[in-house]
Amino acid sequence: MLETKKAAAKSRDLIEASTITRLLVVSFFVALSLGLIEGADIKLLATPFLPENIALLIMRALVLVLCVMILVGYFRKPAALILALIVFWPAYISLFAGGDVSAFWRDLALIGGLIMSASNGEKADAIEQAETETHHRVEVVTYTPDAKKADEPNDDGAYREDFNLARSV
C-alpha cells in the first residue's frame with residue numbers, strides 16, 4: 001500500500017514536471033510567433049515561395065497552431081518535431097550565413113527541451129491513464145478460511161490411501 005502511494009506520487013511529480021517544462025518551452029515559441037521576442041527568423045522557410053510579409057504571417061500562424069497542439073496534447077510528438085524543424089532550419093542557415101553562435105545554441109537548447117517535454121508528456125499521459133484505469137477496476141474479494149468448498153469431501157480420510165501410495169514410490 002505504501003509503495004503504491006509512492007509510485008502514485010512519483011507519477012504525479014512526473015506529470016507536473018513535464019507540464020511545467022512544456023509550458024515554459026512552448027511559451028518561448030508562442031512569444032516568438034507573436035513577435036514579442038527575437039529568435040530564429042522563421043520566415044526564411046517560406047520566403048522562397050511567398051512574399052516576405054505573407055511568409056512571416058503564415059509561419060507565425062503555423063508556429064502558434066503547433067504550440068497550441070503541443071499544449072493541448074493533440075498529436076503532441078509530431079507537432080513538436082515539426083516545430084523543432086521550423087525553428088532549427090532557420091537557425092542553422094543563419095549560423096552559416098555569419099550568425100551568432102550563442103543564438104544557435106539557444107535555439108538548439110529550446111528545441112531539445114521541446115522534444116524532451118513532448119516525449120515525457122506522452123509517458124506522463126500514459127501513467128495517468130493507467131492510474132485512472134486501475135482505479136476503475138477494483139474488485140472486492142472476501143476470504144473465509146473456515147468455509148468448505150462444494151467439491152471437498154466431508155470425510156477427511158478419503159484420499160489418505162492415495163497419499164500412502166505416493167509416499168511408497
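Excluded from the calculations below are hydrogen atoms, water molecules and symmetry mates; all remaining heavy atoms, backbone and side chain alike, are included.
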Any chain of hydrophobic side-chain contacts (each under 4.5 Å) joining Leu45 to Phe49? no
Chi angles and distances behind the side-chain contact (heavy atoms from CB on, under 4.5 Å) call for Trp89, Leu44: CA-CA 9 Å; Trp89 189 247; Leu44 286 178; over 6 Å; no
To the nearest 0.5 Å, tell me how far Ile42 CD1 sits from Ser33 OG. 7.0 Å
How many angstroms lie between CG in Leu95 and OG in Ser102, if you round to the nearest 0.5 Å? 10.0 Å
Would you kindly confirm whether Val25 and Tyr74 end up in one hydrophobic cluster when ILVMFWY residues are joined by side chain heavy atoms under 4.5 Å apart? yes
Determine whether Leu64 and Phe28 fall in the same hydrophobic cluster, where Ile, Leu, Val, Met, Phe, Trp and Tyr are linked whenever their side-chain heavy atoms lie under 4.5 Å apart. yes
Gap separating the NZ atom of Lys43 from the CD1 atom of Ile58, nearest 0.5 angstrom: 13.5 Å
A side-chain contact here means heavy atoms from C-beta on lying under 4.5 Å apart; do Val87 and Leu110 qualify? no
Residues, nucleotides or ligands: over 12 heavy atoms within 6.0 Å of Tyr92 OH: no
Give me the atom names and distance for the closest heavy-atom approach of Met59 to Ile86. CE-CG2, 3.8 Å
Testing Leu81, Leu83, Leu71 for side-chain contact (heavy atoms from CB on, under 4.5 Å) with Leu66, which one passes? Leu83
In the single-linkage hydrophobic clustering (I, L, V, M, F, W, Y; side-chain heavy atoms under 4.5 Å), do Val65 and Leu36 co-cluster? yes
Nearest 0.5 angstrom please: Ile111 CD1 to Phe29 CZ, how far? 6.0 Å
Do Val68 and Ile70 belong to the same hydrophobic cluster, where Ile, Leu, Val, Met, Phe, Trp and Tyr are linked whenever their side-chain heavy atoms lie under 4.5 Å apart, directly or via other members? no
Flag side-chain contact, heavy atom, 4.5 Å: Phe88 against Leu108: yes
Nearest heavy-atom approach of Leu114 to Ala84 is CD2-N, 4.1 Å
Would you check, one step at a time, whether the test side-chain contact (heavy atoms from CB on, under 4.5 Å) holds for Val30 with Val26? CA-CA 6 Å; Val30 169; Val26 171; 4.1 Å; yes
